[in-house]
Amino acid sequence: MALRASSGALRSMAMRPMTVAKRSFVRRTAPQKLDHHAFVVLTSVIGYIQATSANAGKNWVRRLCDREPVVAFSMLLGGVALLLPITVVPLRRSMGMDVSQYDGSSTSH
């Protein structure tokens, strides 16, 4: 005995597109451009890493930390100092603080 489904039952079993619930806490933001300060710092860091890894070989960081911990720590502090312009300027800008000392004055005299 074959079962016959009515057209209404077939429509209800048909695949429906999934709907996404709208969330108020998610908002689309425009992609941020790379700041010129960040670009200079990132290119400097990438160039330094490429030159060091090409000349020093494998596991040079481990050897440096083992043999010269003071030099390794000073390099770590220097790396943090290089990353500060990437993080501080956008944070100050997002908090509405003055960043004219980084970007130059916005008004001409």
Side-chain angles (χ1 to χ4, degrees):
M1 190 163 136
L3 295 176
R4 294 182 67 187
S6 67
S7 62
L10 287 177
R11 260 188 249 123
S12 67
M13 290 188 295
M15 301 238 352
R16 294 182 184 152
M18 293 182 62
T19 58
V20 178
K22 293 182 181 179
R23 295 182 224 164
S24 61
F25 61 89
V26 176
R27 60 187 168 117
R28 292 182 183 250
T29 57
Q32 294 183 352
K33 294 181 180 179
L34 190 63
D35 201 13
H36 65 278
H37 302 291
F39 181 72
V40 170
V41 170
L42 286 176
T43 55
S44 300
V45 169
I46 290 170
Y48 175 76
I49 290 171
Q50 286 177 344
T52 306
S53 62
N55 293 328
K58 197 175 179 181
N59 294 329
W60 67 272
V61 175
R62 184 177 293 163
R63 281 196 317 267
L64 181 68
C65 292
D66 185 42
R67 295 179 185 169
E68 300 288 341
V70 174
V71 174
F73 186 69
S74 68
M75 288 177 69
L76 176 71
L77 287 178
V80 169
L82 281 174
L83 294 177
L84 282 175
I86 296 175
T87 56
V88 171
V89 175
L91 283 175
R92 286 178 62 98
R93 189 174 288 126
S94 69
M95 290 188 287
M97 300 174 109
D98 182 34
V99 291
S100 64
Q101 67 269 27
Y102 302 111
D103 297 332
S105 73
S106 58
T107 60
S108 57
H109 299 290

N/O donor-acceptor pairs under 3.5 Å from side chains in residues 41-52, not counting sequence neighbours:
residue, atom, partner, partner atom, Å
Thr43, OG1, Phe39, O, 3.0
Thr43, OG1, Val40, O, 2.9
Ser44, OG, Val40, O, 2.9
Thr52, OG1, Tyr48, O, 2.7

Exercise answer: donor-acceptor pairs, residues 77-92 side-chain atoms, under 3.5 Å, sequence neighbours excluded:
residue, atom, partner, partner atom, Å
Thr87, OG1, Leu83, O, 3.4
Thr87, OG1, Leu84, O, 3.2
Arg92, NE, Asp98, O, 3.4
Arg92, NH2, Asp98, O, 2.8

Which atom pairs, donor and acceptor, lie under 3.5 Å between side-chain atoms of residues 59-72 and protein residues at least two apart or in another chain?
residue, atom, partner, partner atom, Å
Arg63, NH1, Lys58, O, 2.9
Arg63, NH2, Ala56, O, 3.2

